[in-house]
Amino acid sequence: MADSITITDNRTGESFEVPIVDGTVSAQQWSKHLPGIWFLDPALVTTAMSESSISYLDGEAGILRYRGYPIEQLAEKSTYLEVAYLLLNGELPTEDQLSSWVGEVTHHTFIHENVRKRFLEGFHYDAHPMGILVSAVAALSTFYLDAKEIFDPEARHRQIVRLIAKMPTLAAAAYRFSQGMPFVYPDNALSFPENFLSMMWKIAEPRYEADPRLIRAVDVLFILHADHEQNCSTTAMRVVGSAHSDPYSSAAAACAALYGPRHGGANEAVVKMLTEIGSMENVPDFVRSVKEGHGRLQGFGHRVYKNYDPRAKIIKNVAYDVFDVTGKNPLLDIALKLEEVALSDEYFISRKLYPNVDFYSGLIYQAMGFPVDMFPVLFAIPRMSGWLAHWQELLDQDAKIARPRQRYVGAELRDFVPIADR
Ligand code: CMC
């Protein structure tokens, strides 16, 4: 049997055949034969918006790969900056390539003094750090006049390095500001995750020394959050990037999408939920109320994964490593009980609802001392490399400007009524 679909236009009796390629059918074929008839697909639920060679995701099987490499191997053997290189360049770096990439990123960790003094310090003292981050990323475009040179390979590379390098600095600055703490300058003798922890927590010591297990945990969390194919924020990056906006403005749009509680804020909801449940004995009652339609089990279920999210498995192990250092987060026992009860319950089994990446990440962040406001910021730092890899891919594909159609359901033609007659 041919791997294709035959479409018949019953108005004319005309038929045409569209090949199925990697689970997709080309909409170009459709518009060639049926001009003026649009797919109605709110939220692009059944639309593949682009061809991409960055992440591979099989939600039924619970598989995630970056550039062909299983997420489990990268989380075990790689570092975030090596993974960022892989996402952006398609191949793992050689030793020389890695050391020059790390050197470049390290060289660009500082932010312009005006970003700090005029921008960051201009916010209200209780501003949300993610709101600060969104604005600061956008503001960077005004500091780099070559930002608009998106088809000049050297200028493009410079912006990519700057954005990846400055994210931890901006993130930590946003946090310090919200706490009324002085800004900590980057220490370029430290590794990427180590430097971030230093900018977050350093007080008066000459050099902040984080526990190596926490440094590694942060690096692994960064690897796991670096990319996730066409998610909401990456789609925002691609849509704005398709207008040939500069990368700072496009990345600010992506950050803004991540700010939304449906995207970057679910781990905060998990921590709230576990706190409300309060003790292991209350878990069965809580699960019952979810099944009766009172709220959702936060950190469970996924639009794409219909199996255990592979990132959740890795994060669960990271949680134990972190708790060895910080002491166990008291919410862990409730989380484990909740997982056990849900995974053996017909309601969750039949709907293929498994823990997702957010189920354990919030517990780790909380144990490490990050306030909940910082959770989406921690997500944004590494996701910058994924956003930029997609932005670069889109420009290399010479993609058209994103411009979908609509089905108009508003008023028919009518005449303007003067205000006195309304
Ligand atoms: N708890 C209880 N029931 C659920 C849940 C849940 N967490 N998720 C889905 N369901 C039920 C839902 O009620 C529906 O049941 P029925 O068929 O009887 O009406 C069925 O499962 C299908 O749900 P859906 O809303 O059609 O699924 P979706 O693909 O639109 O939603 C989701 C995906 C992630 C929004 C949803 O599972 C959810 O709200 N989960 C909790 C929030 C969460 O953990 N979000 C983080 C997602 S991972 C972030 C990332 O990858 O970046």
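Residue numbers run from 1 in the order of the sequence given. Counting convention: from 1, in listed order, for ligands and their atoms alike.
In Asp309, neither the side chain nor the backbone holds a heavy atom less than 4.0 Å from any atom of ligand 1. Within the 4.0 Å heavy-atom criterion, the part of Arg351 lying near ligand 1 is the side chain and not the backbone. Here Leu297 has heavy atoms under 4.0 Å from ligand 1 in both its backbone and its side chain. Neither the backbone nor the side chain of Met273 comes within contact range of ligand 1; no heavy atom lies under 4.0 Å. Contacts between Val270 and ligand 1, counted as non-hydrogen atom pairs separated by less than 4.0 Å, are absent for every part of the residue.
Looking at ligand 1, you won't find any N or O of Asp358 less than 3.5 Å from one of its N or O atoms. Close N/O approach between Arg262 and ligand 1 is not found [any backbone or side-chain N/O within under 3.5 Å].
Identified under the ring-ring contact (aromatic ring centres under 6.0 Å, His included) test for residues 215-238, with sequence neighbours left out: Tyr80-Phe222, His225-Phe379, His228-His302, His228-Tyr305.
For atom 47 (C) of ligand 1, the nearest protein heavy atom lies closer than 4.0 Å.
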Using atom types as modelled, flag every donor-acceptor pair under 3.5 Å from a side chain in residues 119-127 to any protein atom, sequence neighbours excluded.
from   : atom 1 : to     : atom 2 : distance (Å)
Glu121 : OE2    : Arg116 : NH1    : 3.3
His124 : ND1    : Asp126 : OD1    : 2.6

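Closest protein heavy atom to atom 13 (O) of ligand 1: Arg296 NH2, 3.4 Å. From the protein, the heavy atom lying nearest to atom 30 (O) of ligand 1 is Arg303 NH2, 3.1 Å. Of the protein's non-hydrogen atoms, Leu353 CD1, 3.6 Å is the one closest to atom 10 (N) of ligand 1.
In this structure, the ring of Phe300 has its center less than 6.0 angstrom from the ring center of Phe359.
The Gly301 neighbourhood of ligand 1 comprises atoms 34 (C), 37 (O), with distances under 4.0 Å to a heavy atom of that residue. Atoms of ligand 1 lying under 4.0 Å from at least one heavy atom of Tyr347, given by number and element, are 2 (C), 3 (N), 11 (C), 13 (O). Set against the non-hydrogen atoms of Arg311, the atoms of ligand 1 under 4.0 Å away are 51 (O).
Using modelled atom types, no side-chain atom of Asp373 and backbone atom of Pro129 make a donor-acceptor pair closer than 3.5 Å.
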